Structure formats: C-alpha cells, structure tokens
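Everything on this sheet refers to the single structure shown next.
No hydrogens, no waters, no symmetry mates; every other heavy atom, side chains included, goes into these values. For clarity, every value in this text was computed on a predicted model and none was experimentally measured. Proteins get letters first, then strands, A, B, ... in listed order; numbering begins at 1 in each.
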Amino acid sequence: MGAYSGWVHRIHELINHWYRNHARQLPWRSAEASPWAIMVSEFMLQQTPVNRVLPVYTQWIARWPEPADLAAEPLSEALIAWGRLGYPRRAQRLHAAAVEITRSHGGKVPGTEAELRALPGVGDYTAAAIACFAFGEPTVVVDTNIRRVHARLFGGAALPEPHPRASEFRRAREVQPSDRHTANLWNISVMELGALVCTARSPKCDECPVFAQCAWIAAGRPEPHYTPKGQSWAGTDRQVRGEIMAVLRHSPEPVPAASFLEDLTGAPAAEYTGLQKLNAPLEQRQRALAGLIQDGLAMQSETLVHLPR
DNA sequence: GAAACGTGGAG
DNA sequence: TCTCCAAGTTT
C-alpha cells in the first residue's frame, strides 16, 4: 500500500460496503457455486455481457456439473451448447481445459494462479479471478471494469489507456487491501462498481460511493484524451466464420463444403440456417472456412464439413 | 505488440 | 441507423 494507506483504506470500506448492498445476485456468486461453475462463468463472461451469459451458463452447469462430464463429450457438443455466445474458441478452450483438469488435476479445478494460468483459455485475468472468487485467494484482479474504476478514481482520467500498462498493474497492487478477506471482497466489489455505476458511457456518478474521493470528479470530469477506435465488423472474416459456425451448429449432418463456397446468388432457399447470409466474396468464404479448420473449430473430410469430435 | 477473434444490446 | 462496448486470450 503506500504513503496514502489511510485514505485508500477508507475507499476499501466504502466500495466494499456498497457491494454488500448493491451487488447483483448471480448464480456464479452463490455459496453453492463450485470452482468449476465459477470457471465456466469466467470463460463465458470474457468479452460477453452478463445477460447473454445467464441462460447458456445455467444449461451448461446442469448438463456438465463437473469438468469430467464435459471432458467426456466430443468438442462438437460444447460448440453447440455454446450457441451464439460468440468467440467459439472459448468453448473449444473450456473443453480442452476440462480434459486437462480431468487428466492432470484429478478432475478438480486447481486453486493456484500458476496452475490455472497453464490451462487453455486461462490468461492473467481469468487465473486471478478464479483463484479469488473460487478459492478465496487475495489475488490482484485486473479486468476492464477495474481498469476503468482505477483510471478515474485514482488516476483522474476519463478512461484507462487503450492498452494496459505496467504502471496500471503496479497501481492495482498498491491499492490492494493487505487484509486477505478485504482484498477478496475488494476485487469483486470494484468490478461490480465498474459494471453498474462507473460505466464506460454515462457513468452514474450520483450513485457512486466514492464520488467524494474520485480524482476524475476532482479534476472536473475531463474528456478522454483519445477516441476509441471501433471494432470493424461488416464484411470481415469474423462475420463469415460466425455464419459458417451457425450452419454447422444447426446441421445434424455434415454439410457439403460446396454449399459454403459456391455462388449462392439465385440459389434455392438455403437448406441450413443462416446459409443465405453467406453472400461474401468466394475468396473470403474460402479463407474463413480454412481458418475455422485451421483453428480446429471445423473439420473437413472429402467434400463434407462438420464440427470436430 | 498489434491483430484476430463473435455477438447483440444500448445510447 | 450506426457506433460503442462487454469479467480477454492467443499468436
């Protein structure tokens, strides 16, 4: 903690107290949520809003309550159950992680950051989050919500830097409560504050428990010093990949590769969901399909394409 | 380190 | 309508 430990301690109290009174009731926060359930939620929540995760999460946990349950299934089942959550490689990596946990960790999610970090699809954030939320470790959790709260509250800036800097993680460690239990609560409390109050656009400062302590408020709420560059989407390979995956998820049988590659203009009504949307240039459709196969999200045997088993 | 990687709700 | 953005990871 540093020279301003007393001041930061007051902020710990205010934000943690706010969390106790305002936190959402989410299934992965219940006392019954297993480490595996929490791990599943963390995978699904990567770059994906809570409201869209909720229904998929519930069905996933009911169907595969332990890592070994998922590990026993072919990858195709995970990809289908993932539905339209987006970034299907997360489902692929979650499946791979379940296999690894079953094989090397006795079927139990490991409890240390280092062990978690070694699993497929688990980066610095997810390892810290699982260790904290599932095992009570006082790790330093840094996600997009926490980065934004720190940038405003401690940094006086409207937004964090486009790319995380080393100084951000140093500051996160400095403001971390020294007490184990307080630190554990702090991680989720700051994240929730960022999600509900200290939001990216139009933050609800009148509801903020640390309004009086906020450096951004004190500075007069200056504008961001950069303009975020939007994520391109229309016409990208990602869009075409998504459409191909949608077809494969809905098709009970392998799909002729030609149906993805041939010119669909004027073709009879598509046999598979979404197929008629595949109006991208031939070269792009070829590239997207090849990419999916390269990434192990699809397989091709002879002229047929199917989900990987 | 930049770029790629899905999807759909909100403003 | 269109842009922004949501509990990131991997190459």
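Aromatic rings from A/W36 and A/W64 are positioned such that their centres are separated by 6.0 Å or more.
Judged by distance alone, with hydrogens and angles left aside, A/R201 brings a side-chain donor or acceptor within reach of the base of C/dC4, the pair sitting under 3.5 Å.
Contact between the side-chain N/O atoms of A/Q47 and the OP1/OP2 oxygens of C/dG8 is found at a separation under 4.0 Å. Proximity of A/R52 to the phosphate of C/dA6: no side-chain N or O atom is located under 4.0 Å from OP1 or OP2. In this structure, A/T144 reaches the C/dA6 phosphate: one of its side-chain N or O atoms is under 4.0 Å from OP1 or OP2. Between A/T126 and C/dA7 there is no side-chain polar atom (N or O) within less than 4.0 angstrom of OP1 or OP2.
For the segment residues 29-37 of chain A, residues with any heavy atom less than 4.0 angstrom from an atom of DNA chain C are, sorted by number, A/R29. Of the residues in residues 162-169 of chain A, not one comes within less than 4.0 Å of DNA chain C through any heavy atom. Listed in residue order, the members of residues 115-123 of chain A having a heavy atom less than 4.0 Å from DNA chain C are A/R117, A/P120, A/G121, A/V122, A/G123.
Between A/R89 and A/N51, the residue anchored closer to the 5' end of DNA chain B is A/R89, taking for each the nucleotide with the nearest heavy atom. Ranked by how close their nearest DNA chain C nucleotide is to the 5' end, A/R93 and A/E42 are led by A/E42.
A distance of about 23 Å separates the P atoms of B/dA4 and C/dA7, rounded to the whole Å. B/dT7 and C/dT11 are spaced 23 Å apart, taking the C1' atom of each and rounding to whole Å.
Whole-Å rounding puts the A/D295 CG to C/dT9 P distance at 18 Å. One atom, OH of A/Y19, and another, C1' of C/dA7, lie 12 Å apart when rounded to the nearest Å.
Applying the ring-ring contact (aromatic ring centres under 6.0 Å, His included) test between A/W82 and each of A/W60, A/F43, A/Y57 identifies A/W60 as the sole match.
By the 4.5 Å heavy-atom criterion applied to side chains, A/C208 and A/I217 are not counted as neighbours.
Within the nucleic acid shown, A/L85 comes within 4.0 Å of at least one base atom, counting heavy atoms only.
Side chain of A/R287 to backbone of A/D237: no donor-acceptor contact under 3.5 angstrom is found.
A/R309 CZ: 12 or fewer foreign heavy atoms inside a 6.0 Å radius.
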